[in-house]
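We count residues from 1, following the sequence as given.
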Amino acid sequence: MTDGFRNDRRDLLKGAAATVALAALARTALPGGAFAQGAGPEVKGAKLGFIALTDASPLFVAKEKGFFAKHGMPDVEVLKQASWGTTRDNLVLGSEGNGIDGAHILTPMPYLISAGRVTQNNVPVPMHILARLNVNGQCISVAKEYLDQKVALDARVFKTAIEKKKAAGKSVKAAMTFPGGTHDLWIRYWMAAGGIDPDKDIETIVVPPPQMVANMKVGTMDCFCVGEPWNAQLVQQGLGYTALTTGELWKNHPEKAFAMRASFTEKYPNATKALLMAVLEAQAWCDKPENKEEVAAIAAKRQWMNVPVSDVAGRIKGTIDYGDGRVVEKSPHVMKFWDDNASYPYQSHDLWFLTEDIRWGKFDAQTDTKALIAKVNREDLWREAAKALGVTAIPTSTSRGKETFFDGKVFDPADPAAYLSSLGIKRIA
């Protein structure tokens, strides 16, 4: 997706006075929108959670560059969460229970929470996905003890290595960040494609993203899947290397989402639209080449990720030092926040995540995925917010069509059962 904002609006973004002018214009010139006269946000703030990951940058930027305030939400709090489990628990509580209203989140989680699959006593807590925060930008990394094996896209190399280790009586572990989440699904897909059964041949453990490098340092795991900057930091510290970026598994794959409790979006529709407009504008800002250095500097700050800027800057600009001798400039798998429709929450992408979670037993085979997506995915709100911002390049379909993976498997949103069948799995209708 190109920028898509109207030229007159783009010009107004220069300077503080212009920001005030834009806000005034929006309040009077957007009929029926969040800033139509007399229909501003019902509340001035919301509590949004995030995990220390580069793909939360749109929330950092929306706060630091004043986009939340510009759209009438000056009291938004962007709050660090210790783990995805903590994010889930605080979403269940809601801000009224000293939790949070929404979050930067693994795309499958709003579905798992809405269906009560990962909540206490399996109580459903309805969630709404408002936008995709990014595509690409995750990696599978391995410990430096496997450096001679040059583990990469073909997991059969890793399979041979761990079989030797297990034969010597040693345990082998793979770490991800949340059961049924994106990182769990990427590492499972990679291992399974290489003949490794992630439920039998290796122990799969949960480690919060900011703790991945420290755990690799003490030998907790043999490999892990996580977002940046932790893969880059692993390389910087000489503790391991990047075997592959997840974009190599599936180019321009969906990743994190911006999601809110349904109770918030339904009670405060104008505030929801204002939040979404701020996030979309921040996403577009993050993807401008001239802003990449500043994005890295912002994200690295103590209150956000608390890492050296060098852990963020290279990969966010598309330079990937894998740590095994491979260095790629201008990677085709660079993280995107806005370009190429990165922000639009395609329903077909959500269907893939649900289908994979059925594959691995996180959802029942009988799950009515169509009905669940209809409840959780609010691409209609994305469209409203984008139009209010003057975005012209809006996808015309809720499906991105057939998706092809590195191993030749094809996911057709019109026939997910065929996809499961190609993986040797029979779905019960």
Side-chain angles (χ1 to χ4, degrees), residues 43 46-51 55-56 58-59 76-79 81 83-134 177-185 254-269 271-276 279-280 343-358 362-364 367-385 398:
V43 291
K47 292 183 177 181
L48 306 177
F50 76 93
I51 296 289
D55 47 34
L59 297 191
V76 169
E77 297 178 64
V78 181
L79 305 169
Q81 309 295 296
S83 67
W84 292 119
T86 303
T87 299
R88 170 205 57 205
D89 294 344
N90 282 327
L91 283 169
V92 169
L93 289 171
S95 63
E96 294 178 356
N98 293 319
I100 56 179
D101 301 301
H104 149 256
I105 198 166
L106 302 165
T107 288
M109 284 184 66
Y111 288 97
L112 293 163
I113 294 170
S114 293
R117 302 292 296 189
V118 295
T119 55
Q120 187 172 11
N121 299 321
N122 301 118
V123 176
V125 177
M127 296 288 301
H128 286 158
I129 287 177
L130 306 184
R132 198 80 61 214
L133 279 181
N134 69 297
T177 62
F178 191 84
T182 58
H183 302 127
D184 187 22
L185 299 181
E255 182 51 38
K256 303 299 188 299
F258 174 49
M260 301 292 293
R261 284 172 53 100
S263 60
F264 185 97
T265 64
E266 290 165 358
K267 186 176 182 179
Y268 307 121
T272 298
K273 186 173 183 178
L275 288 171
L276 188 48
V279 170
L280 298 191
S343 172
Y344 182 72
Y346 286 101
Q347 293 182 11
S348 61
H349 288 164
D350 290 4
L351 178 59
W352 181 84
F353 284 120
L354 293 178
T355 303
E356 279 290 311
D357 270 338
I358 288 171
K362 307 304 179 184
F363 274 104
D364 295 333
T367 300
D368 187 340
T369 54
K370 184 177 181 180
L372 187 55
I373 290 170
K375 290 180 181 178
V376 176
N377 184 296
R378 296 302 306 272
E379 59 83 27
D380 58 314
L381 298 183
W382 188 99
R383 289 173 181 272
E384 288 180 14
T398 60

Task: Pair D55 + K256: basic N to acidic O under 4.0 Å - done: yes

TODO: Kindly compute the distance separating CH2 (W382) from NZ (K273), expressed to the nearest 0.5 Å.
DONE: 13.0 Å

Task: Pairwise distance OG(S343) to CG(L280) - rounded to 0.5 angstrom - done: 4.5 Å

Open item on the list: Taking the ring centre of each residue, are W84 and H104 less than 6.0 Å apart?
Closed with: yes

Open item on the list: Do D101 and Y268 have side chains that approach each other closer than 4.5 Å (heavy atoms only, starting at C-beta)?
Closed with: no

Open item on the list: When you compare the side chain of Q81 with that of N90, does any pair of heavy atoms fall below 4.5 Å?
Closed with: yes

Open item on the list: If you define the side chain from C-beta out and look only at heavy atoms, does anything of K375 sit under 4.5 Å from M127?
Closed with: no

Open item on the list: Check R117 with D364, please: is the shortest side-chain N to carboxylate O separation under 4.0 Å?
Closed with: yes

Task: Interatomic spacing from CD1 in I105 to CD1 in I113 - rounded to 0.5 Å - done: 4.5 Å

Task: Minimum side-chain heavy-atom gap Q347-E379 below 4.5 Å - done: yes

Task: Donor-acceptor contact below 3.5 Å, side chain S95 vs main chain G99 - done: no

TODO: Measure the spacing between OG1 of T119 and CG of L112 and express it to the nearest 0.5 Å.
DONE: 9.5 Å

Task: Greater than 12 external heavy atoms within 6.0 Å of N98's CG - done: no

- [ ] Using side chain to side chain contact (heavy atoms under 4.5 Å, CB included) as the criterion, list what pairs up with D89, not counting sequence neighbours.
- [x] none

Open item on the list: Side chains of L48 and M260, heavy atoms from C-beta outward: is any pair under 4.5 Å?
Closed with: yes

TODO: Could you note down all residue pairs passing salt bridge (charged side-chain N to carboxylate O under 4.0 Å, His left out) where residues 345-356 supplies at least one of them, sequence neighbours left out?
DONE: R132-D350, E356-R359

TODO: Output the distance between atom CD (E255) and atom CG (L133), rounded to the nearest 0.5 Å.
DONE: 10.0 Å

Open item on the list: Less than 4.5 Å apart, side chain to side chain, heavy atoms only: is that true for Y111 and N377?
Closed with: yes

Open item on the list: What I'd like to find out is whether the side chain of L106 reaches to under 4.5 Å of the side chain of H183, using heavy atoms alone.
Closed with: yes

Open item on the list: Is any side-chain heavy atom of P110 closer than 4.5 Å to one of H128?
Closed with: no

